[in-house]
Amino acid sequence: MSELRTQMLVVGGGFGGVAAALAAVSRGVNVVITEPTRWLGGVLTSQAVPPDEHVWIEQFGSTASYRDFRERIRAYYRAHYPLTAEAHASRALNPGAARVSHLCHEPRVGVAVLESLLAPHRSSGRLRVLLQHDPISASTTGDRVDAVTFRDSTTGQHITITAPWFVDATETGDLLPMAGVEHVTGAESQAQTGEPHAPAKAQPLNMQPVSVCFALDHLPGADLTIDKPSGYAGIAAARSLDWPEGQLSFITPHPKTRQPMQHRFEPNPDGNPDDITPDYDDRRAHTIDRNLWTFRRITARNNFVHGSYTSDITLVNWPQMDYWGGPLYGVSDEDASEHLQGARNLSLSLLYWLQTEAPRPDGGTGWPGLRLRGDVVGHTPDGLAMAPYIRESRRIAAEHTIVEQDIALDVRGHHGAVQHPDSVGIGLYRIDLHPSTGGDPYIDIGCCPYQLPLGALLPVRVENLLPAAKNIGTTHITNGAYRMPLVEWNIGEAVGHLVAFCTANDVSPRAVRHTEELLAQFSTELDRVGVERAWPNVQGY
């Protein structure tokens with residue numbers, strides 16, 4: 001076993017973990033960041049999910065560094081891809097021209113941009129990145145973490161890393177149980193949180209579903225049908241609450257009303273990509289195009305010089321492949337593996353159904369020319385994304401826990417979300433919970449533009465471990481609003497700056513929150529680097 005020492009260890013190279021590393025290393029802190037997959041970036045890369053954002057993202061509502069990341073994505077396309085003159089000149093270039101966001105792009109472009117941001121720090125020796133390293137144990141003394149041990153999945157060798165500061169940026173809060181950090185999983189009870197939509201009893205294994213995403217293009221006339229997946233017949237026959245035709249259908253429940261909603265499927269629609277705009281706002285719901293192909297499209301062929309692409313590329317992350325059969329953590333390793341394979345089989349079953357049985361507008365069935373683009377999502381054996389999309393993590397027991405009545409539009413109304421004097425960022429997304437592992441249907445609630453309180457980043461006891469992903473002090477309900485990439489980036493960035501501030505001033509994160517002078521100084525530093533900590537006067541949706 002080898003050993004390594006650094007000033008800050010970031011466990012998990014997801015979106016928040018990279019933001020934490022960048023913020024800390026830019027202020028002189030030596031950092032090691034580990035990642036279990038081959039790609040940094042988490043939700044936007046190894047999980048292959050184009051970013052969900054809010055309606056004002058092109059103007060405000062994120063940190064300056066997140067906006068810089070977005071513009072670097074666009075610049076990468078302008079520098080390296082054969083865009084049309086119109087697309088190249090578009091200030092708000094959206095390579096995928098998708099309905100989910102103002103910026104939908106290939107996962108590998110996200111990897112390239114993140115790597116370019118980290119490159120000078122790796123070259124200087126201040127930052128070290130260890131890919132394909134899984135955390136397996138942690139050692140602690142009292143209220144402090146001392147070290148974390150990892151297994152290199154390529155060699156089987158172990159390495160132990162010690163540091164004064166630890167950041168858990170894993171997708172499921174893996175470091176929390178290893179280090180004995182007080183935390184919660186699943187749904188809290190209404191008695192615990194007072195939330196209108198919380199269950200009467202706590203349900204630790206009732207979590208949001210995972211989804212294994214995949215990329216597709218379409219080659220008319222070809223037969224690229226995959227082998228029938230294991231368990232396909234059972235998946236096709238299953239009928240769940242609000243799904244009268246099952247998940248292998250173009251009819252899904254509307255997230256807000258739970259009434260049947262008819263989608264359509266048309267690969268490679270013609271027309272101007274600029275005609276497709278994000279469908280964030282209920283007031284425009286009657287104009288929304290329900291073509292699933294354009295929902296999370298990541299390459300719109302008409303944005304590129306004629307002949308560059310024979311087909312669009314669309315990223316499939318639809319309700320039809322939400323897997324609620326069981327959680328991936330909080331259960332035995334055997335059960336977790338079974339559920340992960342079940343999620344992958346569900347995604348492959350959806351693809352097989354699209355290729356063979358899905359109803360076409362012309363009265364036929366199936367699009368056998370749909371091609372699984374495993375090369376786009378990382379060259380995995382089954383062609384799906386290398387990691388499942390995780391919507392809900394273990395969450396720290398925090399000094400301040402954000403609850404539904406702090407941010408819900410129907411509770412707060414014109415008063416807006418609760419304001420926090422220790423705000424270290426902002427965000428906005430509807431309180432969006434998909435059908436859960438506990439059998440709950442959609443819970444989709446309007447949300448006020450909200451703040452990110454420092455108290456939600458501080459564990460109640462442990463002094464030198466901080467969360468930098470979906471593992472902050474939210475509840476099962478409010479995680480539905482705080483789980484988006486731009487908020488995860490803000491969380492990680494705030495944590496990286498906090499570690500640097502505490503290192504420079506020899507103080508604890510708890511002291512920063514509870515000492516007026518220190519909090520004011522830290523807040524000023526966040527302001528200086530472009531971390532927006534309060535919203536202008538805008539209404540939620």
Side-chain angles (χ1 to χ4, degrees), residues 35-50 95-96 98 104-112 131-132 153-154 171 209-236 247-248 265 267-268 292-301 309-323 325 328 337-358 366-390:
E35 163 59 29
T37 73
R38 291 179 281 109
W39 282 355
L40 295 171
V43 62
L44 296 187
T45 60
S46 60
Q47 297 174 34
V49 182
C104 281
H105 55 86
E106 291 183 50
R108 116 169 7 98
V109 175
V111 176
L131 298 176
Q132 295 178 272
S153 61
T154 63
E171 300 300 325
V210 300
S211 301
V212 180
C213 302
F214 55 95
L216 290 178
D217 62 9
H218 184 240
L219 306 180
D223 187 351
L224 302 165
T225 305
I226 64 171
D227 294 336
K228 182 182 289 189
S230 173
Y232 176 79
I235 291 171
Q247 282 187 272
L248 304 187
F265 186 70
N268 294 320
L292 287 166
W293 184 267
T294 58
F295 181 38
R296 294 182 185 271
R297 183 172 54 180
I298 55 176
T299 300
R301 70 194 188 287
Y309 289 87
T310 57
S311 169
D312 298 343
I313 304 174
T314 195
L315 199 289
V316 179
N317 177 22
W318 306 342
Q320 289 90 336
M321 20 84 75
D322 284 355
Y323 177 82
L328 300 188
S337 296
E338 180 182 333
H339 292 315
L340 178 56
Q341 189 57 53
R344 301 190 83 88
N345 284 346
L346 175 58
S347 294
L348 290 171
S349 293
L350 175 60
L351 171 58
Y352 183 79
W353 178 80
L354 288 169
Q355 291 175 321
T356 61
E357 298 186 41
W367 284 265
L370 290 173
R371 178 170 58 169
L372 187 61
R373 293 295 304 273
D375 57 314
V376 171
V377 296
H379 294 286
T380 57
D382 60 8
L384 308 179
M386 62 179 72
Y389 172 33
I390 303 294

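Residue numbers count from 1 along this sequence.
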Original post:
Are L315 and C213 close enough, and set up right, to give a side-chain contact (heavy atoms from CB on, under 4.5 Å), and what steps lead you there?
Top reply: CA-CA 7 Å; L315 199 289; C213 302; 3.8 Å; yes
Subject >> Full working for side-chain contact (heavy atoms from CB on, under 4.5 Å) between H105 and I298 >> reply: CA-CA 5 Å; H105 55 86; I298 55 176; 5.9 Å; no
**OP:** Kindly indicate, with the supporting measurements, whether the criterion side-chain contact (heavy atoms from CB on, under 4.5 Å) is fulfilled by R301 and N268.
**Re:** CA-CA 8 Å; R301 70 194 188 287; N268 294 320; 3.5 Å; yes
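In this structure, CZ on F295 lies 10.0 Å from CH2 on W318, to the nearest 0.5 angstrom. A distance of 5.0 Å separates CD1 in I390 from CG in L328, rounded to the nearest 0.5 Å. The CG atom of L292 lies 11.5 Å from the CG atom of L216; values are rounded to the nearest 0.5 Å. The OH atom of Y309 sits 4.5 Å away from the OG1 atom of T299 when rounded to the nearest 0.5 Å. Atoms OG1 and CD, from T154 and Q132 in turn, are 5.5 Å apart once rounded to the nearest 0.5 Å. Distance CD/Q320 to CD1/I235: 13.0 Å, rounded to 0.5 Å.
Between L346 and Q247 there is a side-chain heavy-atom pair separated by less than 4.5 Å.
Nearest heavy-atom pair across P107 and W39 is CB-CZ3, 3.8 Å. The two residues V376 and I313 come nearest to each other via the heavy atoms CG2-CD1, 4.3 Å. Residues A358 and W367 come closest through the heavy atom pair CB-CZ3, 3.8 Å. The minimum heavy-atom distance between C104 and A98, with the atom names listed, is SG-CB, 3.5 Å. Between N317 and M321, the shortest heavy-atom contact is CA-SD, 3.6 Å. Scanning both residues, V210 and A343, for their nearest heavy atoms gives CG2-CB, 4.0 Å.
Every residue two or more places apart in sequence or in another chain that forms a ring pair (Phe, Tyr, Trp, His ring centres under 6.0 Å) with Y323 is listed here: H339. Applying the side chain to side chain contact (heavy atoms under 4.5 Å, CB included) rule to P36 yields the partners D134; only residues at least two apart in sequence or on another chain are considered. By the salt bridge (charged side-chain N to carboxylate O under 4.0 Å, His left out) test, R373 pairs with D217, D375, sequence neighbours left out. P319 meets the side chain to side chain contact (heavy atoms under 4.5 Å, CB included) test with W243, T252, Y442; sequence neighbours excluded. A search for side chain to side chain donor-acceptor pair (under 3.5 Å) contacts involving E338 returns nothing, not counting sequence neighbours. Listed by chain and number, the residues in a side chain to side chain donor-acceptor pair (under 3.5 Å) with Q47 are E171 (sequence neighbours excluded). Not a single side chain to side chain contact (heavy atoms under 4.5 Å, CB included) links A233 to another residue, sequence neighbours left out. Every residue two or more places apart in sequence or in another chain that forms a side chain to side chain donor-acceptor pair (under 3.5 Å) with W293 is listed here: D312. Here E106 pairs with R108 under the salt bridge (charged side-chain N to carboxylate O under 4.0 Å, His left out) rule; sequence neighbours left out. With sequence neighbours left out, N345 forms a side chain to side chain donor-acceptor pair (under 3.5 Å) with Q341.
A donor-acceptor pair under 3.5 Å links the side-chain atoms of R297 to the main chain of G96, judged by distance alone. Of the possible polar contacts, one joining the T45 side chain to the L40 backbone as a donor-acceptor pair under 3.5 Å is found. A donor-acceptor pair under 3.5 Å is formed between the side chain of R38 and the backbone N or O of G378. In this structure, the side chain of S347 engages the main chain of V212 through a donor-acceptor pair within 3.5 Å.
The salt bridge (Lys or Arg N to Asp or Glu O under 4.0 Å) contacts involving residues 342-355 comprise R344-D382, where partners must be two or more places apart or lie in separate chains. Within the structure, salt bridge (Lys or Arg N to Asp or Glu O under 4.0 Å) pairs that include any residue of residues 222-236 do not occur (at least two apart or interchain).
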